[in-house]
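Scope of the values below: all heavy atoms of this structure, side chains included, with no hydrogens, waters or symmetry mates.
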Amino acid sequence: MDSSQPNNPLHGITLKAILEYLVAEYGWERLGDRIQIRCFQSDPSISSSLKFLRKTEWARTKVERLYVNSISYDQRKGKKSEPAQSVPAPTESVWDRARRS
C-alpha cells in the first residue's frame, strides 16, 4: 500500500474489483435492491455497469460506500475478504461466484 494514503480503504482497488466483490457478496438482485440503478436491475453485466459507473459520479459514490461498509462489516465479523489482486479465473462466470456466496 502506498504510504501517501494510508487510511484510504479504496486506494489501489479498481472499480472492476469493487464491482466483482459486490456481485459475489450480494448477487445482482440484492445489489439492485441496495443501490437502485438500472444497470444493476435490468440485464446486468460487469461491463455495462462499469461504463455507467465511470460516467456517473453519484452512482460510483454509492457503490464505493457499499464496498467500504461491506469490507468493514466483514472485518468486524472476522470474515476474510479476498485481496483485490486475486481475480477469479476468467472461465468462472460472475453468476457462479454470486451463487457461492
Side-chain angles (χ1 to χ4, degrees):
M1 183 187 290
D2 187 1
S3 61
S4 65
Q5 296 187 20
N7 296 324
N8 183 353
L10 297 174
H11 182 70
I13 301 176
T14 64
L15 182 57
K16 182 177 181 183
I18 291 171
L19 190 56
E20 287 175 343
Y21 172 87
L22 292 174
V23 169
E25 187 73 18
Y26 299 104
W28 286 111
E29 187 174 334
R30 285 182 52 212
L31 189 56
D33 290 341
R34 288 179 164 267
I35 304 173
Q36 296 187 0
I37 52 179
R38 189 173 298 154
C39 68
F40 292 165
Q41 297 172 335
S42 177
D43 195 25
S45 73
I46 295 289
S47 64
S48 67
S49 298
L50 286 172
K51 287 176 189 173
F52 177 76
L53 293 170
R54 286 181 179 133
K55 294 180 198 174
T56 314
E57 187 65 32
W58 63 265
R60 182 181 179 136
T61 300
K62 287 184 176 198
V63 167
E64 290 172 344
R65 188 176 303 133
L66 178 59
Y67 174 77
V68 169
N69 290 339
S70 296
I71 60 171
S72 297
Y73 177 81
D74 288 350
Q75 289 170 353
R76 286 192 309 268
K77 296 297 179 185
K79 184 177 176 184
K80 274 191 162 186
S81 62
E82 295 179 19
Q85 293 84 358
S86 67
V87 176
T91 58
E92 183 179 34
S93 76
V94 173
W95 297 108
D96 293 333
R97 291 191 307 272
R99 273 188 230 117
R100 279 198 318 250
S101 57

>> Return the SG to CG distance between C39 and L19, rounded to the nearest 0.5 Å.
In response: 8.0 Å

> Looking at OG of S49 and CD1 of I35, how far apart are the two atoms once the value is rounded to the nearest 0.5 Å?
Replying inline: 10.0 Å

>> If I take atom CD1 from residue I18 and atom CD1 from residue I71, how far apart are they, to the nearest 0.5 angstrom?
In response: 8.5 Å

> How many angstroms lie between atom CG of D43 and atom CH2 of W28, to the nearest 0.5 angstrom?
Replying inline: 10.0 Å

> Taking all non-hydrogen atoms of both residues, which atom of R30 and which atom of E25 are closest, and how far apart?
Replying inline: NH1-O, 4.0 Å

>> Under the rule for side chain to side chain contact (heavy atoms under 4.5 Å, CB included), what residues qualify as partners of R38, not counting sequence neighbours?
In response: S42

>> According to side-chain hydrogen bond (donor to acceptor under 3.5 Å, both in side chains), who are the partners of S48, at least two apart in sequence or on a separate chain?
In response: S45

>> How long is the straight-line distance from CG of L10 back to CZ of R65, given to the nearest 0.5 Å?
In response: 11.0 Å

> Under the side-chain contact (heavy atoms from CB on, under 4.5 Å) criterion, do F40 and V63 qualify, and how do the steps go?
Replying inline: CA-CA 11 Å; F40 292 165; V63 167; 3.8 Å; yes

Contacts under 3.5 angstrom, residues 50-62 side chains, donor-acceptor by atom type, not counting sequence neighbours:
{"unit_1": "T56", "atom_1": "OG1", "unit_2": "F52", "atom_2": "O", "d": "2.9"}
{"unit_1": "R60", "atom_1": "NE", "unit_2": "E64", "atom_2": "OE2", "d": "2.9"}
{"unit_1": "T61", "atom_1": "OG1", "unit_2": "E57", "atom_2": "O", "d": "2.9"}

>> Rounded at 0.5 Å granularity, tell me how far OH in Y67 sits from CD1 in I13.
In response: 3.5 Å

